[in-house]
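Step one of this worksheet: look at the structure below.
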Amino acid sequence: MTQQLLLVNFHYVREPKAHTYPGIHPISPDAFAQQIKGLAAQFHIADPEEVEAFVLNGRELPRDSVLITFDDGLVDHAESTRDILDPMGVKAVFFVCSRPLTEERAVSVHKIHWLRATSEPAQFRVDLLAALPLEWRERELSDSERRSAARTYIYDQPEDGEIKYLINFILPEDIVDQVTSAMLARAGVSEADFCRRTYMGADTLRKLAAAGHRVEAHTHDHRAVTRLGSDEDTSIALNVRTLAQTTGRRPTWISYPYGRDWALPTDPAAFCRRHGFKVGVALEGTFVTPEHTPYALDRINTNEVERVVSERSVAVG
Ligand SMILES: [Zn+2]
């Protein structure tokens, strides 16, 4: 039977009770430990070099395997690695944005997560609208946009779904960036402090790389690569250069921010060749087999592991 490789991704790994309101949907450190041990009992936990040999050269893995990945360079990941992965000898891949390192400016999605997790939903809505430039404050959603919002955010109250829709699909990214920074400032949080609390610093990244983990690209400021436009070259080059200077090794993999089909380059192979990446990683699909293109590897989220692994058990019998 064809060998299978499962890439698993983690974002926040922290106690869910660390914040008052939903907004950050973490896996707890205990659940993380359990999931890694569960995976290690059923799969070979591959290191990044084995995965490269498998996807680039078709070299066999010892058996069906899992690769552990982390997106966004969060401080959580250093703790998870120290407490769980390092004692098990697991080597992981960390996809890191560079703007927090070079400018002490956070990525919009993390500002939004934090603001939502620390303010009551109605208050978040009021604060966001108040911080918007006038022309956007008065922007009403059309009926079809409201219907799209309801379809996209099925778990939210309509007003909350609509505000998410406004942020993610209607407002220009630079406006979201400015507004969320203004909201942080209004909450009395300096963005530099926010970055120190949220992201791994240069020292931590250097140590991860020195310990045999991989620090790889995730764009400078977490914009979808499909939305970089004429900034594509500078965003990728700045990300690559910053991480290379930080760790002493040039990144050769990229995880496309958001990772869904709309956020993948139209031609991932051309994109990777243009920017000197050997491997590109998405966030959709399930297992990777040797025929898979290395430029948009399938990958699943931690919350999909149970379903995907149990479906495989059924298939394997
Ligand atoms: Zn990300």
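Atoms within each ligand, like the ligands themselves, are counted from 1 in listed order.
Residues passing the side chain to side chain donor-acceptor pair (under 3.5 Å) test with D72, sequence neighbours excluded: H110, H218, H222.
The salt bridge (Lys or Arg N to Asp or Glu O under 4.0 Å) contacts involving residues 240-259 comprise E216-R249, where partners must be two or more places apart or lie in separate chains. A salt bridge (Lys or Arg N to Asp or Glu O under 4.0 Å) check over residues 275-293, counting only residues at least two apart or in different chains, returns the pairs E52-K278.
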CA sep, side-chain torsions, deciding dist, call: F124, E120, side-chain contact (heavy atoms from CB on, under 4.5 Å): CA-CA 6 Å; F124 172 79; E120 196 268 318; over 6 Å; no
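The cationic group of R59 does not satisfy the cation-pi geometry with F54, failing either the under 6.0 Å distance to the six-membered ring centre or the 45° limit from the ring axis.
Protein N/O/S atoms closer to the Zn ion (ligand 1) than 2.8 Å number 3 in this structure.
The environment of E135 atom CD is dense: over 12 non-hydrogen atoms of other residues, nucleotides or ligands sit within 6.0 angstrom.
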